[in-house]
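Here is the structure we will look at, set down as structure tokens.
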Amino acid sequence: MKETHLSHALSSAGVMAQYDMHVKNLFKDKGVLAYILKYAVAEFRDYSLEEAAAAIEGEPEIASRSLRPDTRNNRGQAIRGESTESKLDGEGTVLFDVVFTVLVRTERAKIYVNIEAQKSYYPGYDLVPRGVFYAARLLSEQLDVEFTTDNYDGIKKVYSIFICMTAPVQNRNHEAVSDTIVSYRMQPEVIYANDPARKVAFGRYDLLGVVFVHLQAEGQLTKNKLIGMLSTLLERSKEVEKKKTLLEQEYGLQMNESLEKEVNTMCNLSELILEEGLEKGREDTKEKGLEEGLEKGREDTTCKMLKNLIKNMKVSLSQALDILEIPESERNKYQKLL
């Protein structure tokens, strides 16, 4: 493969791992986070984007730190960090992509927010319970930080927001998926009341919210500002200068030095991912011709991606084909190749 300036920077985890890390880095930007807060978090619907950005407490950090309460070095420290680890005895390790806190204009001002960059819509299980679990862990992590077992009033509300980047137009039940935002929250239900005419007292139950933002599918248009902005930001095929112009002019996203660097790197990595797949085809072009060689490179890349999905995401071949949106006319070919 041709050596490039990016080749030296690639870790042993490969180009895809590099790409994934830069996706997460994009979600550190306060301008991007402000969009997510305004259009996905109920408390911010009346905020301007500038007010939402100003509400973010401190700087979201990249840090591999344990969120286990009894091993925290600074028990009063807010739970913040990217790729943040949470583990309790007997449980598996949980990695949060981005966790930060915001201050809102309410009596209990602080809210914990988790952003997850979700590539696969079919990881082999229902994603919604995972979202509920992530939010629940953010609640339990507040023990001895925001509240104690002697007084639960200090618990702060949490949100877990999943950005589904490869959402299909519809699921297997023919229900709409792409270009939708769905919120899940706790709500009380009165099972019995002695006097139905009187208002029944409720405790403070609104502590957990889970939101799924399903980006638009290829060729699909959206009327939603958040989905449009994120789809533009994360689109691999769009030229970098065109992408930056759209983000600035269409969505008012300021291209600060950090954000511009991440957008540039992501676009370069996207090209490198394609280049890796096509390079093998180029090697064969002298003997097999340009068209046949490039097709071979595309097939090899697709097979590699299918194998990685099956191995790492624990999905079936059929689910992997769905995730990569392989046309029905080509599925039989890849089933034979694998």
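Everything numeric here is computed off the predicted structure, so don't read it as measured data. Residue indices begin at 1 and follow the sequence shown.
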Show me the pairs that pass salt bridge (charged side-chain N to carboxylate O under 4.0 Å, His left out) and involve [range], at least two apart or across chains.
| range | result |
| --- | --- |
| residues 181-195 | none |
| residues 41-53 | E43-K157 |
| residues 210-219 | none |

Check whether [X] reaches the backbone of [Y] with its side chain - one donor and one acceptor, N or O, closer than 3.5 Å.
| X | Y | answer |
| --- | --- | --- |
| T180 | V177 | yes |
| E330 | P327 | no |
| N114 | V98 | yes |
| K30 | A54 | no |
| K110 | T101 | no |
| Y47 | A55 | no |
| N151 | D153 | yes |

| said: Run the salt bridge (charged side-chain N to carboxylate O under 4.0 Å, His left out) test against K38 and tell me which residues pass, sequence neighbours left out. | reply: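 For K38 there are no salt bridge (charged side-chain N to carboxylate O under 4.0 Å, His left out) partners, ignoring immediate neighbours.
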I need the [X] [atom1] to [Y] [atom2] distance, nearest 0.5 Å.
| X | Y | atom1 | atom2 | answer |
| --- | --- | --- | --- | --- |
| N224 | Y39 | CG | OH | 7.5 Å |
| R105 | F44 | CZ | CZ | 8.5 Å |
| I155 | S140 | CD1 | OG | 10.0 Å |
| K243 | T245 | NZ | OG1 | 12.0 Å |
| M165 | E235 | CE | CD | 13.5 Å |
| S160 | Y184 | OG | OH | 12.5 Å |

So which heavy atom on [X] is nearest to which on [Y], and how close?
| X | Y | answer |
| --- | --- | --- |
| L208 | V132 | CD1-O, 4.4 Å |
| K307 | L338 | CE-CD2, 3.4 Å |
| A52 | L37 | O-CD1, 3.8 Å |
| L247 | M229 | CD2-O, 3.8 Å |
| Q170 | Y122 | O-OH, 4.0 Å |
| A217 | A167 | CB-O, 4.2 Å |

| request: Check the pair L207, M186 against side-chain contact (heavy atoms from CB on, under 4.5 Å), reporting the backbone distance first and the verdict last. | output: CA-CA 8 Å; L207 292 172; M186 296 175 61; 5.5 Å; no
I want to check something: taking the side chain as every heavy atom from C-beta on, are [X] and [Y] in contact at a cut-off of under 4.5 Å?
| X | Y | result |
| --- | --- | --- |
| L26 | L234 | yes |
| Y251 | L233 | no |
| V41 | V211 | no |
| Y35 | L253 | yes |
| I111 | V102 | yes |

| Listed once per pair and sorted, the ring pair (Phe, Tyr, Trp, His ring centres under 6.0 Å) pairs that draw on residues 145-172, sequence neighbours left out |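 Residue pairs passing ring pair (Phe, Tyr, Trp, His ring centres under 6.0 Å), neighbours aside: Y134-F162, F147-Y152, F162-F212.
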| query | Which residues, ordered by chain and number, are linked to F202 in its hydrophobic cluster, where ILVMFWY side chains connect at heavy-atom gaps below 4.5 Å, directly or through other members? | reply |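 Answer for F202: V190, V200, Y205.
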| query | When clusters are formed by joining ILVMFWY residues with side-chain heavy atoms under 4.5 Å apart, either directly or through shared neighbours, do L230 and V169 land in the same one? | reply |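 In one cluster with L230: V169, no.
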| In terms of hydrophobic clusters joined by side-chain contacts under 4.5 Å, are I161 and L103 together? |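 No.
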| Residue of the set K156, E146, E57 for which side-chain hydrogen bond (donor to acceptor under 3.5 Å, both in side chains) holds with Y112 |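 Testing Y112 for a side-chain hydrogen bond (donor to acceptor under 3.5 Å, both in side chains) against K156, E146, E57 leaves exactly one candidate, E146.
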| Taking atom types as modelled, is there a side-chain donor on Q216 or T222 under 3.5 Å from an acceptor on the other? |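 On atom types as modelled, these side chains do not qualify, holding no pair under 3.5 Å.
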| query | Do Q220 and S178 meet the criterion of a side-chain donor-acceptor pair at a distance under 3.5 Å? | reply |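 Checked: Q220/S178 side chains pair up, N/O donor to acceptor below 3.5 Å.
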| query | So I36 and L226, side-chain contact (heavy atoms from CB on, under 4.5 Å) or not? Walk me through it. | reply | CA-CA 7 Å; I36 296 174; L226 175 60; 3.9 Å; yes
| message | Walk me through whether Y334 and I326 qualify under side-chain contact (heavy atoms from CB on, under 4.5 Å). | response | CA-CA 9 Å; Y334 288 110; I326 303 299; 3.9 Å; yes
| Is there a side-chain contact (heavy atoms from CB on, under 4.5 Å) between F27 and I163 once you walk through the steps? | CA-CA 10 Å; F27 290 130; I163 310 298; 4.0 Å; yes
| request: For R198, look at atom CZ and say whether over 12 heavy atoms of other residues, nucleotides or ligands are found less than 6.0 Å away. | output: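 Count not over threshold, so no.
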